[in-house]
Every structure is written in structure tokens, then in C-alpha cells.
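Take a look at the structure below.
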Protein chains: 2
Amino acid sequence: MTTPQRETSDGTVGRTLAVLDLVAEFGRPVRFAEILPKAGLPKATLYRFLQTLARQDMLAFDDSRQTYAPGMRLVRLAHSAWAQSSLAPVAQDVMDHLARDIGQTIHLAQLDNGAVLYVDKRNARQPVEMFAQSGKVGPAYCTGVGKAMLAHLPEDRLAQAISRQSFHAHTDRTLTTPAALRDDLARIRERGYALDDEEHEVGIACIAAPILSGNGRVIGAISVTTTTDTTSRDQLLALAGPVKEAAAQIAAAADTWRFPEHKQA
Amino acid sequence: MTTPQRETSDGTVGRTLAVLDLVAEFGRPVRFAEILPKAGLPKATLYRFLQTLARQDMLAFDDSRQTYAPGMRLVRLAHSAWAQSSLAPVAQDVMDHLARDIGQTIHLAQLDNGAVLYVDKRNARQPVEMFAQSGKVGPAYCTGVGKAMLAHLPEDRLAQAISRQSFHAHTDRTLTTPAALRDDLARIRERGYALDDEEHEVGIACIAAPILSGNGRVIGAISVTTTTDTTSRDQLLALAGPVKEAAAQIAAAADTWRFPEHKQA
DNA sequence: CCATTAGGTTCCAAATATTGAAACTCAGTT
DNA sequence: AACTGAGTTTCAATATTTGGAACCTAATGG
């Protein structure tokens, strides 16, 4: 039906998963009473949902503190998701090479509900930061990877994505209107790369390129991040080539990619 | 009702999540027909479950190939889980130090349903392997971290965990009986560290220490992995000190750990 | 020290969503 | 043209979910 209501979610499963999201959003262990008002569910119902999620190990309940936090089953499942549904495994080699070649922090991201979902990363120096970065979400309208992806979205999906942006002025260079953003997106399409010139964080700039599949759909983006005090704008722009090249390689790899055969006894 | 059928799991949510696990276990995109026999559910029911999961972005459905794979929402959620329910954030500094000091691959793991769940890792050299390692599960009976944790489980939970082990002889040194394992666990308790001397993979040895909370419960384990052709047994044993030390530090950090305060406008 | 409240938990009849056998659709075969 | 296998939809029967209200505790405070 054309009921533009919020047909929020389907069935018990949907409602329960919404609660899971809610708990995850807190970013810290939460108590029943903190969730209740935000959930908009009757006490008894929320209670049952939390119980179920906890029994299912989707949430971990801390007896002593009486708090709920996302459970380890999610980590297990996500490993699977990351390994088979993300661009990360396919892009691994390209990421390694690019990281070695230019020695800067690089990110691999995908678009997820209008937001940027980072799926892999290489740090300039440090050993890792793992998951600490993979799985993280960020805004699309003010990051290099975000804009690179938005720029190549078909109009309907773009409109939808834009409507979900919050347009918070993180810095005084942040684009804060759909119009300004659309202008930039047009430029990005022409150049083939996106710039985030301190739009998200002061002192941080990055250059990003979209990863386009054979049929022209955006399937992700890759970016190099630098600090303005160690890297000039020209130096950053000089990276456009390598970044676009890497994006193209990942795209090619993704088109070829077939799942490695598995078999278990 | 008094139909003591298979009350396998709770409600629709439980049954749906079981299907999610099932899909994840395949380790590759799967088609409806492949899932059906393993699910033990009526066609229509399985179909609805998959639909729901896909709509919820817990599964990604590939239109062209008609396959289901774990979805990106899991990656988002897992980030949250990892950041707040795992030992990883607390152990970060200790991991970094240990990695720097001994320059070998180190793992941080937790026990999850009788299996080892790796939650963090530092590679000897390479930039990363990310998620590729975090979220991975492995056997408990033949890995250093696994045995270190089993050794400190209270009897009831140990018995339960042991009953879940598959005791596959990965190498000719693998302990393949509960009795042999229990012997080793006793030794581990005495020494304070566990050894995996090519029990899981030929040419790979590791030394691991349990991470015990203030009240004596195992909350995880940490290990150093080496290859037998670059490191002698004595050299490996010499790492017992640093590993135990690191474990103790993580334990201490975990006991102190309070969640950093958050607030959003 | 009892009264009061706030955070949790349990009940249970009514309302609803789930169930799954069967029928159906849409390729690809034979 | 009839068949087959994979995937999708239907729909009445029925098991599940629902949530208001009662019920437990600790805590809090007067």
C-alpha cells in the first residue's frame, strides 16, 4: 500500500532486531530502564525481547551490573559477513600495495543505508586497530569515501541517501546543504576522485576514488588520509592517480572474483 | 502444549537466527535449495525467514545469482560488540607492547560456546589482516589459548565444553581424548601457561596464558605463535614470562575498566 | 522503621502473527 | 507440449506474541 507510515519492520524478528540496534547504539552497556523509553515498547515486551536476545547470545547480560551489551555471537557472524559479503577480501592485495607505496593511512568503505561503513584499513605505521576500525560507520556527506560513493549513485538512491544525511557542520568547511553537496558530487564525477579538505575534521584531508563495478554501480570507495601539517594540498592531489588506479584494480578484481571452493569433510 | 517436540530454541527469533547461523556457516553465498535440507524447516517457512533476514540487512541477497550471504548490518553490530563486550579494547596497550617487545604474532581470544573466538591480533610484520582474524573461531582442545582457558573453567562448565570438542587429530601430536586433554589441563594450571606444540598445525607452536579476573574466572587468553623452524622449543618457553606478565596486566586492566563516559547532544 | 518508589519480573486472556501443505509460476529440459 | 526443479504465494488452523496490570524486590527517605 502507499501508506507512507513507518512500516518500521517486519514481525517479531524485525522488532527484536530493532532493539538490538538500539542497544548497540548506546556504545556502552545499558540498563533496562535506559532502553525502555527509547524503544517505545511496552515494558513486558521489551523485557521479553532482551531476554531472547541475551539467550541467543546476541546480547550479553552482565549479571552484576544488570546491563546489556552486544554479544559475541555478532562478532562470529560478522567475521563471516566481512569475509564473504564485503569488498575487503577481494581488495586485500591492492590495499597492501597501495599502503606500501604511499605509506599513508588508507580506508576501504562501502555505502550502508546512506552512511559510510568502513570495511578495511591500513595504518601508516601501527600494527593494527582491527575491528576498531572495520565495522565503524561514519557520515557520507563530509568524508572522501562517502562523497565518492554518493557521486555515482543513481538519482533515486541518491535522493534517498541525501535525505538521510544530517548535515552537521563538523568544521567550517563542511558542506551543509544538499545543494552544495550536489555541486561537489558533480565535480567529483568529472574528476573521478573526491576530496575531503578538512570537511569532517580540522587538520585532516583525504582523497578518495569510487570503486565501480562493470555495470557502473558503485560498490565501494577507497581513500588516502593525510594531515594538513605533514602534507600539502598539492601532494595530496598528486595521489589522485594511484588512488584511482587502486580503485580500478579493486573493481576489476571484484568483477572476476568467484568464491574459492570450499568443502568440509 | 505438552508436545515435547524439539523446543530447540526460543520463538520465531531464535529459529530465524538459527537460519542466519546456518547461512554464515557455509562460508560462501548459498542458494535457497542448499539451505533447505540443512535447515529442517518447511519450504515456506524457511523462505519467509530468509526474506525477513534479507529485508533486515542481516543477510544480503544477490539478485543475479540468487544467493544469500551474511549482511553488512552484522559488521556494524559487531563493531559495537567488539568495542564494548570483548577484551580487545582493554587489552589494546598491552597487546601493542607485547607485540613490539617480542616481535611475533600474538593473539587475544575468548571462550565462546566451547570454541575459541579470536578477538584481536598483532602480526609480526604485515600491516594487518583485520577482521580476517578477529571474529574467527577455532578449536579449543588443540590451541594454546583454548587450553589455557579450558584449564581454568569450573568443572561443570569444563565438562560441558569438553563434550563439545570434536577431537579431530589435526596432527600426530593432537590430544584426541578427554583424558589426555584433562592431563594437559592439570599441567597447565600448575605452570600457569599452556603450550601448543604442533598440536593444531605442523610447524606451528605457541605458548599461551589465561587471563583471570579478580574473582578467578577465565575471561580470555593471550598467546604468542611461532614457527618451529625459526624458534626452538627453549626459545618459546623463554616467552612464558612475558606472556604471563601480559596476561596479568590485561586482567588488571579489565578489573579497573569502566566504560568511558559518553554523551551525545 | 515503616512507607514509598523505582527498577525489574511474571501472569494470562485476548489479539495476532506464524505456520506449512498445497497450489502456482517460471525457466530450462527432454 | 509435457515435465521437472527451483522459487514464490496462498490461506485457514493454530500456536505465539502481546501488553496491561499485578507483583516482586531492593533502595530511598521521611
Side-chain angles (χ1 to χ4, degrees), chain A residues 1-3 5-23 25-26 28-71 258-259, chain B residues 1-23 26 28-71 258-259:
Chain A
M1 266 175 286
T2 42
T3 327
Q5 287 265 22
R6 48 173 58 200
E7 38 185 357
T8 324
S9 56
D10 39 1
T12 314
V13 177
R15 250 167 283 140
T16 305
L17 291 176
V19 170
L20 181 58
D21 271 348
L22 203 53
V23 173
E25 268 167 32
F26 275 90
R28 63 181 167 78
V30 272
R31 312 182 57 152
F32 182 92
E34 305 183 78
I35 309 170
L36 186 52
K38 296 218 176 192
L41 292 171
K43 227 186 349 173
T45 303
L46 176 63
Y47 182 71
R48 248 178 303 109
F49 283 179
L50 290 172
Q51 291 284 46
T52 304
L53 287 168
R55 249 198 319 276
Q56 292 290 329
D57 198 20
M58 299 293 278
L59 284 180
F61 181 68
D62 180 330
D63 267 311
S64 67
R65 290 170 211 259
Q66 296 201 143
T67 55
Y68 297 88
R258 283 292 105 83
F259 244 83
Chain B
M1 286 296 282
T2 42
T3 330
Q5 288 267 27
R6 50 175 61 196
E7 39 186 356
T8 322
S9 54
D10 40 0
T12 313
V13 177
R15 251 167 282 143
T16 306
L17 291 177
V19 169
L20 181 58
D21 270 349
L22 204 53
V23 174
F26 274 90
R28 63 182 166 78
V30 271
R31 310 182 60 137
F32 182 91
E34 304 183 78
I35 309 171
L36 186 51
K38 294 216 177 196
L41 291 171
K43 223 181 2 167
T45 303
L46 176 63
Y47 182 70
R48 248 177 302 109
F49 283 177
L50 290 172
Q51 292 283 50
T52 304
L53 287 168
R55 251 198 318 274
Q56 292 290 330
D57 198 21
M58 299 291 279
L59 283 180
F61 181 68
D62 179 332
D63 267 311
S64 67
R65 291 170 211 260
Q66 295 201 144
T67 57
Y68 298 87
R258 283 292 105 82
F259 245 83

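Numbered from 1 within each chain, the chains take letters A, B, ... in sequence-line order.
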ask   = Per the ring-ring contact (aromatic ring centres under 6.0 Å, His included) rule, which among A/Phe32, A/Phe26, A/Phe49, A/Phe61 passes with A/Tyr68?
value = A/Phe61
inquiry  = Counting only side-chain nitrogens and oxygens, does A/Gln66 get under 4.0 Å of the OP1 or OP2 atom of C/dG7?
reply    = no
request  = For A/Leu41 and C/dT9, give me the distance from atom CG to atom C1', rounded to whole Å.
outcome  = 17 Å
message = Please report the interatomic distance CZ(B/Arg15) to OG1(B/Thr45), rounded to the nearest 0.5 Å.
response = 8.5 Å
message = If I take atom CG in residue A/Asp63 and atom P in nucleotide D/dA26, what distance separates them, rounded to the nearest angstrom?
response = 14 Å
message = Between B/Val30 and B/Leu22, is the side chain to side chain contact (heavy atoms under 4.5 Å, CB included) condition met? List the steps.
response = CA-CA 10 Å; B/Val30 271; B/Leu22 204 53; over 6 Å; no
key: CG on B/Asp21 to CD on A/Gln56, rounded to 0.5 Å   = 8.5 Å
ask   = Could you give the distance from CG (B/Leu17) to CE (A/Met58), rounded to the nearest 0.5 Å?
value = 5.0 Å
request  = Mind grabbing the angle between the end helix axes of the helix from C/dC1-D/dG30 to C/dT30-D/dA1? Five pairs an end, 10° rounding.
outcome  = 20°
message = Without decimals, in angstroms, what is the distance between A/Asp62 CG and C/dG8 P?
response = 12 Å
request  = Look up atom CG in A/Leu46 and atom CD in A/Gln51, then write down how far apart they are to the nearest 0.5 Å.
outcome  = 10.0 Å
message = If you apply the rule side chain to side chain contact (heavy atoms under 4.5 Å, CB included), what do you find for A/Thr16 with B/Thr12, and how did you get there?
response = CA-CA 10 Å; A/Thr16 305; B/Thr12 313; over 6 Å; no
ask   = CZ of A/Phe32 versus C1' of D/dT25: gap in Å, rounded?
value = 15 Å
request  = Classify every nucleotide of nucleotides 10-19 of chain C by which part a protein heavy atom approaches to under 4.0 Å, writing B for the base, S for the sugar-phosphate alone and - for neither, in 5'-to-3' order.
outcome  = B------SSB
query = Does a nitrogen or oxygen in the side chain of B/Arg31 sit under 4.0 Å from OP1 or OP2 of D/dG7?
reply = yes
B/Leu53 CG to B/Leu59 CG distance, which is reported to the nearest 0.5 Å = 4.5 Å
request  = Write down the distance between CD1 (B/Ile35) and P (D/dA6), rounded to a whole number of angstrom.
outcome  = 13 Å
request  = Supply the atom-to-atom distance A/Lys38 NZ to A/Leu36 CG, rounded to the nearest 0.5 angstrom.
outcome  = 12.5 Å
inquiry  = Just the rounded figure in Å: distance from P of C/dG7 to OH of A/Tyr68.
reply    = 14 Å
